[in-house]
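Below, each value reflects all heavy atoms present in this structure, side chains not excepted, and no hydrogens, waters or symmetry copies.
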Amino acid sequence: MAVLSAMLATVLLMGLGMAVVLMGTAESELAAHDRAARLLREASLAAAHLAVADLRQQPSWSAVLAAGAAPLSAAPGRAVDATATPAPPWGGPPLDLRRLTVDVAAEADTGSGDPQAWRLYESGSLPGLVPGASVPVYVAAWVADDPSDGDGDPQVDSNGILWVRAAAYGPGSARAVTAVSVQKSPPPAGPAVRILTIRPQP
């Protein structure tokens with residue numbers, strides 16, 4: 001009986017030990033996922049601010065909305081990848097910026113107001129955009145006309161308001177998106193540009 005009791009106690013202790021190890025592993029994985037999600041959210045926010053900063057330098061937002069070499073806008077920002085199928089910084093198959101543009105348009109479609117034509121405005125890997133950064137993240141930002149301007153033309157800015165959707169992509173299909181609307185003040189107050197709304201997307 002003493003031997004049997006000792007064996008049972010040993011088995012119970014081993015089970016408890018395994019449970020503690022598994023709990024610690026699970027907590028470590030959850031913490032890693034949380035860090036990765038925060039990083040992507042911050043990267044998408046940074047990409048949105050980069051797009052807004054470059055829009056401040058554009059004399060005509062209608063030129064930004066006009067169709068360029070697909071999927072780019074006619075007047076892209078300063079950070080634009082040389083290819084529509086760039087290699088992601090974490091390795092693996094190339095990203096398809098044309099397909100991502102279609103996905104952005106589908107996600108942003110509200111079904112009301114004027115039609116929107118989303119143009120790729122900024123794109124690049126974070127290590128390529130930020131010297132010294134070693135984080136495997138790819139960022140991109142798209143712009144579209146404000147659907148409430150009432151002119152019926154997605155390539156013409158009639159009210160000084162644009163929509164921006166910035167996304168950060170990571171390994172394993174991880175992604176975070178930030179949506180922004182910006183307004184340009186008309187002369188003589190211009191060319192001031194201010195952010196009207198900024199919000200993370202699910």
In Å and rounded to the nearest 0.5 Å, what is the NZ to CZ distance from Lys184 to Arg56?
-> 11.5 Å

Polar side-chain atom of Ser73 near backbone of Arg119 as donor-acceptor pair, under 3.5 Å | no

Mind checking what makes side chain to side chain donor-acceptor pair (under 3.5 Å) contact with Ser181, not counting sequence neighbours?
-> Thr197

Using a 4.5 Å cut-off on heavy atoms from C-beta on, say whether the side chain of Asp114 contacts that of Asp149.
-> yes

Between atom CD of Gln116 and atom OG1 of Thr110, what is the distance when rounded to the nearest 0.5 Å?
-> 6.0 Å

When rounded to the nearest 0.5 Å, the distance separating CH2 of Trp118 from CG of Leu65 is 10.0 Å

Taking all non-hydrogen atoms of both residues, which atom of Gln155 and which atom of Ala67 are closest, and how far apart?
-> OE1-N, 3.2 Å

Shared hydrophobic cluster, Trp142 / Val177 (ILVMFWY, side-chain heavy atoms < 4.5 Å) = no

Just distance, no hydrogens or angles: give the donor-acceptor pairs under 3.5 Å from side chains in residues 84-96, sequence neighbours left out.
residue : atom : partner : partner atom : Å
Thr85   : OG1  : Thr83   : OG1          : 3.3
Asp96   : OD1  : Arg98   : N            : 3.1
Asp96   : OD1  : Arg99   : N            : 3.2

Sole residue of Leu97, Leu120, Thr101 in side chain to side chain contact (heavy atoms under 4.5 Å, CB included) with Leu72 = Leu120

Measuring from Leu196:CG to Asp146:CG, what's the distance to the nearest 0.5 Å?
-> 9.0 Å

Shared ILVMFWY cluster between Val182 and Trp163, side chains joined below 4.5 angstrom?
-> no

Minimal heavy-atom distance between Ala79 and Asp54, with the atoms involved, is N-OD2, 4.4 Å

Using the rule that two of Ile, Leu, Val, Met, Phe, Trp, Tyr join whenever any of their side-chain heavy atoms come within less than 4.5 Å, decide whether Trp61 and Val180 are in one cluster.
-> yes

If Ile, Leu, Val, Met, Phe, Trp and Tyr residues are connected whenever their side-chain heavy atoms lie under 4.5 Å apart, and connections chain through other members, are Leu162 and Ile198 in the same group?
-> yes

Measure the OH-CD distance between Tyr121 and Gln58 for me, rounded to the nearest 0.5 Å.
-> 4.0 Å

Check against side-chain contact (heavy atoms from CB on, under 4.5 Å), Asp145 and Val156 = CA-CA 7 Å; Asp145 191 20; Val156 175; 5.6 Å; no

Minimum heavy-atom distance between Tyr138 and Ser123, given as atom pair plus value | OH-CB, 3.6 Å

For the residue pair Gly77 and Glu122, what are the closest heavy atoms and their distance?
-> CA-OE2, 3.7 Å

Please check if Val137 and Val130 belong to a single hydrophobic cluster, counting links between Ile, Leu, Val, Met, Phe, Trp and Tyr side chain heavy atoms closer than 4.5 Å.
-> yes

N/O donor to acceptor pairs below 3.5 angstrom from side-chain atoms of residues 43-53, sequence neighbours left out:
residue : atom : partner : partner atom : Å
Ser44   : OG   : Arg41   : O            : 2.9
Ser44   : OG   : Thr178  : OG1          : 2.8

Roughly how far, to the nearest 0.5 Å, is OG of Ser148 from CG of Asn159?
-> 5.5 Å

Gln201 side chain reached by Glu107 side chain, heavy atoms, under 4.5 Å | no

